[in-house]
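Start at 1 with the first residue, then count along the sequence. Counting convention: from 1, in listed order, for ligands and their atoms alike.
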Amino acid sequence: MYDYDLLVVGSANADLVIGVERRPDAGETVLGSDLSVHPGGKGANQAVAAARLGARTALLARVGDDAYGRLLLDSQRAAGVDTVGVLVGGAPTGIALITVDPSGDNSIVVSPGANGRLRPEDVRAAGSLFHASRVVSTQLEIPLETVVELVRCLAPDSRFVLNPSPPRPLPGEILAACDPLIVNEHEAKVILGDSCVSDDPADWARLLLAKGPRSVVVTLGAEGALVAATDGVERVPSVKVDAVDTTGAGDAFTAALAWRLGLGEPLPVAAAYAARVGAAAVTRAGAQESYPTPEEVAAL
Ligand code: ADP
């Protein structure tokens, strides 16, 4: 019997957003809109998305002992996430400084802050959370050696889900644990590197699978997704919606997929549900603010 359907290990950032007429060049100052502050970071986003769907969710992360850290803890608790694993202090809360111009193009500077101080020993100290969780999900906005330690700490019958974002080449030990590895187009190309010899996402899925994961999911935005396991590649259709803002759609998709896999659904079925959650998330602005309840997913 597990206490949690999903343990998310990952980043928590405050997103500081300013709208500008034109993004500044080197040495230039431009005036912008009022500042808006949003809870973000791929780990925090995934945990909120899962909890809003009804998953019993815990987050293992690190924030600073500061106002942004408290903002992040509040948003997790408001969504129903268990924050017992959120460590406080050691560095300022991670920040993303985002300027957005009227065409929607943005420039982003990320200060990883406390996310970079989530260390392998923090993972080792959270052993009871790992043993209490059916599925563990992570991303790459925390140190790679922390992800390696996490893979070593997995309970024997738990399931590991990785979205390698921001992407970088991965050691075989991490790849072999993924069930599934979840990538968008850009992440697929970086992970494949020189072995990306095709323009066909179905080939990427097969090539990625050959690198060792037990299963692979390639997300294709409005085109839906592909799932791949030893029995072949299958397309998961997208749901037609009027997209307003795709920020955080991949995090919502991954969280939903991880949760449903833990409930025992086969990969294509869980991915079809996750595609509905991703579609719902793009119909509203923002990341965490856009994540749907089960009723909203059912109403799509
Ligand atoms: P990321 O945000 O990581 O780039 P994607 O853009 O591929 O990820 O989105 C993740 C999933 O969300 C997609 O596989 C799809 O199911 C859903 N999704 C994203 N954008 C849309 C859209 N415009 N219409 C419908 N579904 C979408």
Between Arg119 and Glu149, is there a side-chain N and carboxylate O pair less than 4.0 Å apart?
->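 No, Arg119 and Glu149 are not salt-bridged.
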
Using 4.0 Å as the upper bound for N to carboxylate O, is an ion pair formed by Lys42 and Glu141?
->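 Looking at Glu141 and Lys42, the cut-off is not met.
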
Under 4.0 Å, heavy-atom basis, I'd like to know which part of [X] is in contact with ligand 1: side chain, backbone, both or neither.
X: Ala243; result: side chain
X: Val239; result: backbone
X: Val282; result: side chain
X: Asp251; result: neither

When Val86 is tested against each of Leu59, Val81, Leu60, Leu72 for side chain to side chain contact (heavy atoms under 4.5 Å, CB included), which residue passes?
->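 Result for side chain to side chain contact (heavy atoms under 4.5 Å, CB included) with Val86: Leu59.
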
To the nearest 0.1 Å, how far is atom 12 (O) of ligand 1 from its closest protein heavy atom, and which atom is that?
->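 Looking at atom 12 (O) of ligand 1, the protein heavy atom closest to it is Gly278 CA, 3.6 Å.
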
Specify the protein heavy atom at minimum distance from atom 8 (O) of ligand 1: its residue, its atom name, and the distance to 0.1 Å.
->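 Of the protein heavy atoms, Thr219 OG1, 3.5 Å lies nearest.
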
Whether Ser198 side chain and Asp200 backbone form a donor-acceptor pair below 3.5 Å |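 Here the side-chain-to-backbone pair exists.
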
State whether the side chain of Thr57 and the backbone N or O of Ala55 hold a donor-acceptor pair below 3.5 Å, judged by distance alone.
->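 Yes; at least one donor-acceptor contact below 3.5 Å.
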
Option with minimal heavy-atom separation from atom 9 (O) of ligand 1, where the choices are Ala279, Ala274, Ala249 =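 Nearest option to atom 9 (O) of ligand 1, by heavy atoms: Ala249.
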
